[in-house]
Amino acid sequence: MGEHEAEVLTARDVPLGGPRAMTVRRTLPQRARTLIGAWCFADHYGPDRVADSGGMDVAPHPHTGLQTVSWLFSGEIEHRDSLGSHALVRPGEINLMTGGHGISHSEVSTPDTTVLHGVQLWVALPDAHRHAPRAFQHHAPRPVRVDGADIRVFLGTLAGDTSPVATFTPLLGAELLIDPGATVTLDVDPAFEHGVLVDEGGILLAGTALGRAELGYLPEGRTTLTLTNDSADRARLILLGGPPFEEEIVMWWNFIARTDAEIRQAREDWATGDRFGEVTGYPGARLPAPELPTVPLKARHNPRHPRRDSR
Ligand code: MN
């Protein structure tokens with residue numbers, strides 16, 4: 001990887017489940033990269049005609065050690081969780097759910113949704129806060145116009161706007177709409193590494209070409225990011241950032257922990273306990289956890305940060 005080039009992470013298709021198995025494009029985690037800042041999971045989906053894909057219907061399932069971020073480009077999702085939240089996720093509005101010690105939720109596209117299109121992202125919680133109480137935050141950012149682009153900042157600070165949504169580590173999350181042929185240079189925090197997930201259009205990130213559903217990565221140390229829409233149509237992308245997350249994590253199914261034993265306990269608690277609470281109003285049974293592998297789950301970390309915790 002050259003000094004001025006971005007690393008390109010390509011997506012793999014993953015069936016999400018549901019009657020006709022809606023497919024998402026997953027760029028995080030993957031072998032080459034586990035996290036960007038505390039961002040540890042990135043699914044991009046659609047635009048899917050719900051009549052063809054069956055839409056989204058994810059029965060109640062648990063989370064621990066993470067926050068979920070839902071961000072839509074079109075369609076609408078009904079969210080219910082064991083905190084008692086009942087919310088409609090709409091385009092251009094962040095819904096951030098803190099799993100903390102344990103939460104459960106369901107996500108179902110609404111009957112009025114004809115086209116479903118968006119991203120689902122996860123944030124790993126740092127050790128000091130990973131057992132935080134359940135929480136749910138919502139914010140509809142006003143678009144900020146810079147020369148060549150409209151920007152919605154849903155987490156952190158960019159282009160003079162700051163999201164009021166609280167996080168446990170510094171984070172950046174924003175949607176950018178870039179005019180055809182336009183180049184945008186943005187001031188960024190040099191302590192942050194960044195990821196650019198392309199939804200539509202052809203993007204040059206620091207000179208590196210990114211196509212649809214690709215995630216471009218740039219390490220920390222930059223004070224500006226330059227993005228060019230190298231296409232004749234408007235481009236749309238999601239910009240993610242944060243300081244490198246240096247803790248090792250163990251990820252399995254919908255859980256993030258630090259050890260294999262903690263994951264096995266979380267699975268047991270979903271099967272038998274009340275750690276994750278109850279989702280009311282979902283018409284159907286909750287999701288059972290898959291079988292665990294018989295070998296211990298391994299911790300993951302980023303290749304740039306091998307065993308920094310062993311200093
Ligand atoms: Mn979930």
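Numbering of ligands and ligand atoms starts at 1, following listing order.
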Please list, chain by chain and in numerical order, all residues satisfying side-chain hydrogen bond (donor to acceptor under 3.5 Å, both in side chains) with T280, sequence neighbours excluded. none
Quick one: do E107 and S70 satisfy side chain to side chain contact (heavy atoms under 4.5 Å, CB included)? Show the steps, please. CA-CA 10 Å; E107 298 155 288; S70 302; 4.2 Å; yes
Nearest heavy atoms of V198 and L237, plus distance in Å: CA-CB, 4.2 Å
Short of 2.8 Å from the Mn ion (ligand 1), name each protein N/O/S atom, waters not counted. H61 NE2, H63 NE2, H105 NE2
Treating N302 as the side-chain partner and R33 as the backbone partner, does any N or O pair qualify as donor plus acceptor under 3.5 Å? no
Taking side-chain hydrogen bond (donor to acceptor under 3.5 Å, both in side chains) as the definition, give me every residue that meets it alongside R212, ordered by chain and number, with sequence neighbours left out. none
I'd like to check the salt bridge (Lys or Arg N to Asp or Glu O under 4.0 Å) partners of D269; sequence neighbours left out, ordered by chain and number. R275
